[in-house]
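Residue indices begin at 1 and follow the sequence shown.
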Amino acid sequence: MVALQACCRCADISILSGVCLRSKRTSVLRMHRLRVLSGRVLAQSRLDVQTVRFKTQGSVQQPGSKRFSTAEATAEPAENGNALSSASAARERSLTMETLNPNVKAVEYAVRGPIVLKAVEIEKGLQQGMKRPFEEVIKANIGDAHAMGQQPITFLRQVVALCTCPELLESPAFPEDAKIRARRILQGCGGKSLGSYSDSQGVDCIRKDIAAYLERRDQGVPANWEDIYLTTGASDGIMSILKLLVSGQGLSRTGVMIPIPQYPLYSAAISELEAVQVNYYLDEEHCWALDVNELRRAYWEAKRYCNPKVLCIINPGNPTGQVQSRKCIEDVLHFAYEEKLFVMSDEVYQDNVYSPDCQFHSFKKVLYEMGPEYFDSVELTSFHSTSKGYTGECGFRGGYMEVINMAAEVKAQLVKLLSVRLCPPVSGQAAMDVVVNPPQQGEPSYPQFLKEKMLVLSALAEKAKMTEEILNKVPGIKCNPVQGAMYAFPRIFIPPQAIEEAKALGMPPDMLYCLRLLEETGICIVPGSGFGQKEGTYHFRMTILPPTEKLKVLLEKLSAFHIKFLEEYAALQEPSR
């Protein structure tokens, strides 16, 4: 039996000793297998561009017309009078990796990156009867609640169904409160149909419902429905605002401050728009807290090479799961006020708070409570979505943003920009309306709605606690409390031998870790390097969304893998003499 000699805790770990050395042959075979596998995985993250030449076949001539083969159409007389062959005259591609927009090549999105592509390949193989040491792939890489088995909220689906098929309004199978909401939404749609375009800003009555919701949420802080813009998920709104903000060249180029670890949407958008990414680091030792001194450090350092004018916050945090305190938010807003920063507050997880010691505070409410000097001047846009919370309706792509203190002429430019994509999906707008206008006490659907909502949120709270507790029992893993959102972002110890092996394979060490985990257990998680992390630390992100029993199996398999991983690389260590 191999015994673990010392519990390793990330930064302070003694390599496991007393482990039998593996044979050199085993090490070489494993290295070869990983080299082949890593080559395949990394290849999937790039476009494999080759010049393809097509063999021309003869055409079929119809009466009264003449069709030319490719060779005939492209052949031209050569200097010697002979026609060029179809092979030599093959048309070159207009779009190649050399001519591709370099900003697109710079975009990376770890959540659906090469590890996930490999997981899909393995899943298809299992379906075709391929033998693996596991029966299914468990995708814990993305916050897709319904894909993980979460059931829809009945009331939301009823309202959207009624909007989609208005003939159902006559059916006694649907409750009256759902019909009232559906009729109101349809009344605001062109031709009273969900299939019509809406205004670019969204359906007016839905924007008014969102404003009313914000006033309730923020305990009376005023909200103007004309400051509300419906979006295709929160991502669409984030991208639209960044497009307005990015400008300049060289030292005047817009710098966008983002938390590290971050949600890869931000780094991808910054790359696409050729803005400058300015990293500020969350404090892992204090449960991923946001320290305003770190903001100042990052800001003044960035001033040397760009013009930092945007500050992005994710609260509750993705991938880190922390919930920022009111004092922290106040400090951040004071800093933004001082440095004239435009604040983008990503609040899509505002309903996902599990720790009894934490509470969600909206940036807008805190700004209002700081007084008119702040509330009337700090430019703030906040974002919300149907995809998270307790509804988990990712596929509807519903979302909104509230824009505060934007100059009137700039808002006109925003409307122009939004009009280019016509409007967000109107079915997603209807789903967003139900999120902000759910059944109220006394309405017929309220008891069932409340039961379903609390069932989802209580299960998530239970799974958040279970994830933290199980992972923290494993030598070499340290997981901060999952206070909110839908993810854990534990820190993992990776032995020096594994780091060297990853380097030889041309991949980050946590990519090697996640790749081997997938190959050996069928568990798909995302390397921390895809989200950003401090130099010399390694993490992974996993969602807590799978059903409780499946999540428990996942965590147990992950724990066993991690111990085996440490043992294996400790066995490769040369014994001290």
S.K.: Given the rule in the salt bridge (Lys or Arg N to Asp or Glu O under 4.0 Å) test, do Glu469 and Lys473 qualify, once you have shown the distances and angles that lead to the verdict?
M.R.: CA-CA 7 Å; Glu469 289 176 350; Lys473 290 177 182 175; 5.9 Å; no

S.K.: Between Glu215 (side chain) and Ala223 (backbone), is there a donor-acceptor pair under 3.5 Å?
M.R.: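 Confirmed, Glu215 side chain pairs with Ala223 backbone.
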
S.K.: Could you tell me whether the side chain of Tyr266 reaches within less than 4.5 Å of the side chain of Val256, counting heavy atoms only?
M.R.: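 No. Closest side-chain heavy atoms not under 4.5 Å.
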
S.K.: Between Thr154 and Lys451, does a side chain to side chain donor-acceptor pair (under 3.5 Å) hold up when you go through it step by step?
M.R.: CA-CA 11 Å; Thr154 301; Lys451 179 182 177 182; over 6 Å; no

S.K.: Apply the test side-chain contact (heavy atoms from CB on, under 4.5 Å) to residues Phe383 and Thr231: give CA-CA distance (whole Å), side-chain angles for both, the deciding distance (0.1 Å), then the verdict.
M.R.: CA-CA 9 Å; Phe383 307 88; Thr231 57; over 6 Å; no

S.K.: Would you tell me whether Tyr487 and Tyr263 have side-chain atoms, one donor and one acceptor, within less than 3.5 Å of each other?
M.R.: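 No donor-acceptor contact under 3.5 Å links the two side chains.
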
S.K.: For Thr386, is there any backbone N or O sitting under 3.5 Å from a side-chain donor or acceptor partner on Thr391?
M.R.: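 Confirmed, Thr391 side chain pairs with Thr386 backbone.
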
S.K.: For Ser529 and Asp510, which I'm curious about, is there any donor-acceptor pair between the side chains at under 3.5 Å?
M.R.: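 Checked: Ser529/Asp510 side chains pair up, N/O donor to acceptor below 3.5 Å.
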
S.K.: Given side chains that start at C-beta, do those of Leu455 and Tyr390 come closer than 4.5 Å, heavy atoms only?
M.R.: no

S.K.: With no hydrogens and no angle check, do the side chains of Tyr280 and Asp291 hold a donor and an acceptor under 3.5 Å apart?
M.R.: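 Absent: no donor and acceptor within the cut-off.
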
S.K.: Counting distance only, does the side-chain N/O of Arg216 pair as donor-acceptor with the main-chain N or O of Val436 below 3.5 Å?
M.R.: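 The answer is yes, because a donor-acceptor pair under 3.5 Å joins these two groups.
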
S.K.: Set out, in order, the CA-CA distance, both residues' side-chain angles and the distance that settles salt bridge (Lys or Arg N to Asp or Glu O under 4.0 Å) for Lys327 and Asp331, then state yes or no.
M.R.: CA-CA 6 Å; Lys327 175 65 166 60; Asp331 289 344; 2.9 Å; yes

S.K.: Do Ser445 and Glu443 have a side chain donor and acceptor closer than 3.5 Å?
M.R.: no

S.K.: Under 3.5 Å, is there a donor on one side chain and an acceptor on the other for Tyr281 and Asp283?
M.R.: no

S.K.: For the pair Val526 and Ile115, evaluate side-chain contact (heavy atoms from CB on, under 4.5 Å) and give the outcome as yes or no after the intermediate values.
M.R.: CA-CA 7 Å; Val526 189; Ile115 288 279; over 6 Å; no

S.K.: What pair of heavy atoms forms the shortest contact from Ser427 to Phe396, and how long is it?
M.R.: O-CD2, 4.1 Å

S.K.: Report yes if some heavy atom in the side chain of Leu460 is under 4.5 Å from a heavy atom in the side chain of Tyr354; otherwise report no.
M.R.: yes

S.K.: Assess the residue pair Met257 and Val310 against the criterion (side-chain contact (heavy atoms from CB on, under 4.5 Å)); give the C-alpha distance rounded to whole Å, side-chain angles, the decisive distance to 0.1 Å, and a yes or no.
M.R.: CA-CA 6 Å; Met257 301 181 69; Val310 188; over 6 Å; no

S.K.: Side-chain donor-acceptor pair under 3.5 Å between His539 and Glu284, yes or no?
M.R.: yes

S.K.: Is there a side-chain contact (heavy atoms from CB on, under 4.5 Å) between Ile210 and Leu230 once you walk through the steps?
M.R.: CA-CA 9 Å; Ile210 292 170; Leu230 275 300; 3.9 Å; yes

S.K.: Determine yes or no for a side-chain-to-main-chain donor-acceptor pair under 3.5 angstrom, with Thr537 supplying the side chain and Gln533 the backbone.
M.R.: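 No, Thr537 side chain to Gln533 backbone: no donor-acceptor pair under 3.5 Å.
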
S.K.: Heavy atoms, side chains only, cut-off 4.5 Å: are Leu380 and Phe342 in contact?
M.R.: no

S.K.: Answer yes or no: are there more than 12 heavy-atom neighbours, outside Lys179 itself, under 6.0 Å from its atom NZ?
M.R.: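 Buried by this count: over 12 neighbours within 6.0 Å.
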
S.K.: Apply the test salt bridge (Lys or Arg N to Asp or Glu O under 4.0 Å) to residues Lys411 and Asp227: give CA-CA distance (whole Å), side-chain angles for both, the deciding distance (0.1 Å), then the verdict.
M.R.: CA-CA 9 Å; Lys411 285 178 77 172; Asp227 291 336; 2.7 Å; yes

S.K.: Going through the checks in order, is the ring pair (Phe, Tyr, Trp, His ring centres under 6.0 Å) test met by Phe493 and His562?
M.R.: CA-CA 9 Å; Phe493 169 73; His562 186 81; 8.0 Å; no

S.K.: Considering all heavy atoms of both residues, which atom of Ala302 and which atom of Pro308 are nearest to each other, and what is their separation?
M.R.: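 What the structure gives for the nearest pair is CB-CG, 4.2 Å.
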
S.K.: Would you confirm whether Gln262, through its side chain, and Ser267, through its main-chain N or O, come within 3.5 Å as a donor-acceptor pair?
M.R.: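 Yes: the side chain of Gln262 pairs with the backbone of Ser267.
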
S.K.: With a 3.5 Å distance limit and no angle check, can you tell me whether Thr254 reaches the backbone of Leu245 through a side-chain donor-acceptor pair?
M.R.: yes

S.K.: Any side-chain donor-acceptor pair under 3.5 Å between Glu393 and Ser387?
M.R.: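 Result is no, nothing qualifies.
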
S.K.: What I want to find out is whether Glu347 reaches Lys388 closely enough, with some N-O distance under 4.0 Å, to be called a salt bridge.
M.R.: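 No, no charged N to carboxylate O under 4.0 Å.
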
S.K.: Is the shortest heavy-atom distance from the side chain of Lys453 to the side chain of Phe155 under 4.5 Å?
M.R.: no

S.K.: Of all heavy-atom pairs between Asn405 and Ser377, which one has the smallest distance, and what is that distance?
M.R.: ND2-N, 3.4 Å

S.K.: Is there a side-chain contact between Tyr400 and Met432 in this structure, where contact means two heavy atoms from C-beta onward sitting under 4.5 Å apart?
M.R.: yes

S.K.: We want to know whether Gln448 and Glu452 form a side-chain donor-acceptor pair, criterion being a heavy-atom distance below 3.5 angstrom.
M.R.: yes

S.K.: Between Arg183 and Glu176, is there a salt bridge with N-O shorter than 4.0 Å?
M.R.: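 A salt bridge is present here (some side-chain N lies under 4.0 Å from a carboxylate O).
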
S.K.: Out of Ile470, Val474, Asn472, which residue meets the side chain to side chain contact (heavy atoms under 4.5 Å, CB included) rule with Cys479?
M.R.: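 Answer after filtering Ile470, Val474, Asn472: Asn472.
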
S.K.: Pair Arg421, Asp236 - check salt bridge (Lys or Arg N to Asp or Glu O under 4.0 Å), show working.
M.R.: CA-CA 10 Å; Arg421 50 91 158 124; Asp236 172 47; 3.1 Å; yes

S.K.: Please confirm whether the backbone N or O of Gly317 pairs with a side-chain atom of Asn315, one donor and one acceptor, at under 3.5 Å?
M.R.: no

S.K.: What closest approach, in Å, do Val343 and Ala336 show between heavy atoms, and which atom pair accounts for it?
M.R.: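 Shortest heavy-atom contact: CG2-CB, 3.5 Å.
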
S.K.: Test your reading of the model: is there a side-chain donor-acceptor pair from Gln429 to the backbone of Gly398, 3.5 Å cut-off?
M.R.: no

S.K.: Does the side chain of Gln350 come under 3.5 Å of the side chain of Ser362 through a donor N or O and an acceptor N or O?
M.R.: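 Result is no, nothing qualifies.
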
S.K.: Using atom types as modelled and distance alone, determine if a side-chain donor or acceptor of Arg181 lies under 3.5 Å from a backbone N or O of Asn437.
M.R.: yes

S.K.: Grab the two heavy atoms, one from Leu186 and one from Leu162, that are nearest each other, plus how far apart they are.
M.R.: CD1-O, 4.1 Å

S.K.: With Phe363, which of Asp346, Val332, Val378 fulfils side chain to side chain contact (heavy atoms under 4.5 Å, CB included)?
M.R.: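 Filter result, single survivor: Val332.
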
S.K.: Got a sec, which pairs hit side-chain hydrogen bond (donor to acceptor under 3.5 Å, both in side chains) with one end in residues 333-342, sequence neighbours left out?
M.R.: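 Listed once each, the pairs are Tyr299-Glu339, His334-Glu338, His334-Tyr374, Tyr337-Glu373.
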
S.K.: My understanding is that only residues two or more places apart in sequence, or in another chain, count here; which of them pass side chain to side chain donor-acceptor pair (under 3.5 Å) with Asn480?
M.R.: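 Partners of Asn480 by the side chain to side chain donor-acceptor pair (under 3.5 Å) criterion come out as none, since no residue qualifies.
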
S.K.: Output every pair passing side-chain hydrogen bond (donor to acceptor under 3.5 Å, both in side chains) with a member in residues 542-561, not counting sequence neighbours, ordered by first then second residue.
M.R.: Glu136-Lys550

S.K.: Side chains of Glu379 and Met406, heavy atoms from C-beta outward: is any pair under 4.5 Å?
M.R.: no

S.K.: Is the count of non-hydrogen atoms from other residues, nucleotides or ligands lying under 6.0 Å from Gln441 atom CD greater than 12?
M.R.: no

S.K.: Please confirm whether the backbone N or O of Val276 pairs with a side-chain atom of Arg253, one donor and one acceptor, at under 3.5 Å?
M.R.: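 Checking the backbone N and O of Val276 against the side chain of Arg253, no donor-acceptor pair under 3.5 Å is found.
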
S.K.: Taking all non-hydrogen atoms of both residues into account, name the closest pair between Ile525 and Ala140 and its distance.
M.R.: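 Nearest heavy atoms, Ile525 then Ala140: CG2-CB, 4.1 Å.
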
S.K.: Heavy-atom distance under 4.5 Å between the side chains of Leu333 and Val366, does that happen here?
M.R.: yes

